[in-house]
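One structure below.
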There are 2 protein chains.
Amino acid sequence: MQDSVHVQCSECPIRHRAVCARCETDELSRLEQIKYYRSFQAGQTVVWSGDRMEFVGSVVTGIAALTQTMEDGRRQMVGLLLPSDFVGRPGRATAAFDVTATTDLVMCCFRKKPFEDLMTTTPNIAQRLLEMTLDELDAAREWMLLLGRKTAREKIASLISIIARREASQHLRRVTGMLSVDLPLTREEMADYLGLTLETVSRQISALKKDGVISLEGNRRVSIPNLDRLLEETGDDSDGGMLV
Amino acid sequence: MQDSVHVQCSECPIRHRAVCARCETDELSRLEQIKYYRSFQAGQTVVWSGDRMEFVGSVVTGIAALTQTMEDGRRQMVGLLLPSDFVGRPGRATAAFDVTATTDLVMCCFRKKPFEDLMTTTPNIAQRLLEMTLDELDAAREWMLLLGRKTAREKIASLISIIARREASQHLRRVTGMLSVDLPLTREEMADYLGLTLETVSRQISALKKDGVISLEGNRRVSIPNLDRLLEETGDDSDGGMLV
DNA sequence: CTCCGAAATTGATCTGTGTCAAAGAGAGGA
DNA sequence: TCCTCTCTTTGACACAGATCAATTTCGGAG
């Protein structure tokens, strides 16, 4: 299987890994024809669990969250969608989870039916989607280890290092100095992602700060003086792991 | 997208959802040529995380578990593979998780390279695999809710109801009377799946028994006098949910 | 049937995280 | 500038589940 080659979608400010990788020109142009954009404000819901899902698409800018809520209000975030992440299920009519914009959000969408038609005639797309979905599945399974077995402190360290990693891989601006990342989530959203309460999140962030593992500039920006030190706190093997 | 039509693989005692659905005869025969069987004893490891993975395949009989282990020994099961479940990642060289046989196990395997070749020439296979992988992803996300937010009692009830559901859908022997299922896992394995300790698993099973939600015949067989009563204990919405 | 080792149960106690409550800090608008 | 609302931090306490430690039960071999 050849290496994945990313092709730039015209107009789209970012690469469309979902649909453009390995695409030939004619495939791209067919995708262009059924493409459209949608914008959401922070806090807005993109789709509700159980709703008809008439499109698939990928995040262009901003961040969206997949969440699941129990009858009594307990909530668990089950996915964080960063730019270039794909949303939607070809072949399934309704959404299985709530999708909400946690920041202002722009998505590049394709109506589901035409996209599915295109998929049946364009093997590349199904294969690329399979690859992405398998990656997501691996990431979900890593996350299961975090939820089931890690301590609160390890969970926080893991979240910060994942956000740092993804942010780094996006912008490719690996500054030589101290790296610092924006936390695109409120304490409550972090708690929902990590299976904790917001109080515990806050306490553990304070503890990591006190121990010199991180430092804060305002509430939302974290500086990491020593990445290795942070990674030790995650409980993961130093080398591999953490695919997200 | 048409409904999935299951075609019986010759020799295989069960349907190969992974590869046979919607297959045409010639595709089937090409699959037959690269197919072989492997048997494992209970407790044996199929592949270790990080090892080269030279095959993909599906479970024929028995049960396998995907697990992840931290350096200090904390373990989390991240998937339970029942007959007809697919294992392996076309397009990735190494396994991301340990795969172990929790019971005696027979797998139907395909060498990875020929399978991948077949996949590129046979769009159906990639599409079918995509569908299955998306289902697994949804199931993993349901499981994240369980790990992050459910109480020990709810976790146990969820596990039993999932096993009951999968067993029922396999054998299609929906007995009219009281339904009873075999727990194919030790208490420790259940604990690893649920993110608990084996003592807590044992205690909660005892509690459910005392409350008349289930009853035990020996250690491994559970009777469910009232399925609705059990489902109430899972914490899930009464209707939808629990995709596994 | 009896014996043996592994698996499961049960008890006592400890601890990490949740819960409830209050006070502090930031950002945006008047 | 100050005010207000939301987000965050911190404290005191409670409790679910972990840990440590015996027993007890089960299932297979002889």
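Below, chain A is the first sequence line, B the second, and so on; all start at residue 1.
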For B:Arg149 and C:dG18, give me the distance from atom CZ to atom P, rounded to whole Å.
7 Å
Describe, as an angle rounded to 10 degrees, how the axis at the first end of the helix from C:dC1-D:dG30 to C:dA30-D:dT1 is tilted relative to the axis at the last end, five pairs per end.
40°
Taking A:Lys150 for the side chain and A:Thr234 for the main chain, is one N or O donor matched with an acceptor at less than 3.5 Å?
yes
Do A:Arg153 side-chain and C:dG16 base share a donor-acceptor contact under 3.5 Å?
no
For B:Ser206, which contact category applies under a 4.0 Å heavy-atom criterion: base, sugar-phosphate, or nothing?
sugar-phosphate
Whole-Å distance between D:dT8 P and A:Arg221 CZ?
16 Å
Would you indicate which nucleotide in C:dG18, C:dA8, D:dT10 comes nearest to any side-chain atom of B:Ser202?
C:dA8
Write down the atom of A:Asp192, the atom of A:Gln76, and the distance for their closest heavy-atom approach.
O-NE2, 3.0 Å
Could you tell me how far apart A:Glu154 (CD) and C:dG16 (P) are, to the nearest whole angstrom?
12 Å
Just checking, is any N or O donor in the side chain of B:Lys209 or B:Ser215 under 3.5 Å from an acceptor N or O on the other one?
no
Rounded interatomic separation in angstrom, taking CD from A:Glu199 and C1' from D:dT10:
10 Å
Counting only heavy atoms not in B:Arg74 (residues, nucleotides, ligands), do more than 12 fall under 6.0 Å from its CZ?
yes
Specify the separation, in whole Å, of atom NZ of B:Lys210 and atom P of C:dT10.
11 Å
Could you tell me whether B:Leu198 contacts a base, only the sugar-phosphate backbone, or nothing, with contacts defined as non-hydrogen atoms closer than 4.0 Å?
base
Does B:Asp85 reach the main-chain N or O of B:Val59 with its side chain, forming a donor-acceptor pair under 3.5 Å?
no
Tell me whether the side-chain N/O atoms of B:Arg187 come closer than 4.0 Å to OP1 or OP2 in C:dT9.
yes
Position toward the 5' end of DNA chain C (nearest nucleotide), B:Met190 or B:Arg203:
B:Met190
If I take atom CG in residue B:Leu183 and atom P in nucleotide C:dA7, what distance separates them, rounded to the nearest angstrom?
15 Å
Once the angle between the rings of B:Phe55 and B:Tyr36 is folded into 0 to 90°, is it parallel (under 30°), tilted (30 to 60°) or perpendicular (over 60°)?
perpendicular
Examine the base of D:dC7 for any acceptor or donor lying under 3.5 Å from a partner atom in the side chain of A:Glu188, and report the outcome as yes or no.
no
Could you tell me how far apart B:Glu189 (CD) and C:dA8 (P) are, to the nearest whole angstrom?
9 Å
For the backbone of B:Tyr193 and the side chain of B:Trp143, can you confirm whether one donor and one acceptor N or O come within less than 3.5 Å of each other?
yes
Assign B:Thr186 to base, sugar-phosphate, or nothing according to its heavy-atom contacts below 4.0 angstrom with the strands shown.
sugar-phosphate
Scan nucleotides 23-28 of chain D against the protein and return all N/O pairs shorter than 3.5 Å with their distances rounded to 0.1 Å.
none

Does one side chain, of A:Ser158 or A:Ser161, offer a donor that lies under 3.5 Å from an acceptor on the other?
no
Take B:Glu233 and B:Lys155, measure what salt bridge (charged side-chain N to carboxylate O under 4.0 Å, His left out) needs, and give me the verdict at the end.
CA-CA 9 Å; B:Glu233 297 281 354; B:Lys155 287 179 177 181; over 6 Å; no
Taking C:dG18, D:dG17, D:dT8 as options, the one with an atom nearest any side-chain atom of A:Thr200 is C:dG18
Rounded distance (Å) that lies between atom P of C:dG18 and atom CZ of A:Arg74:
13 Å
B:Gln204 side-chain proximity, nearest of C:dG18, C:dA21, D:dG17:
D:dG17
My understanding is that only one of A:Ile160, A:Ile163, A:Leu185 makes a side-chain contact (heavy atoms from CB on, under 4.5 Å) with A:Met190; could you say which?
A:Leu185
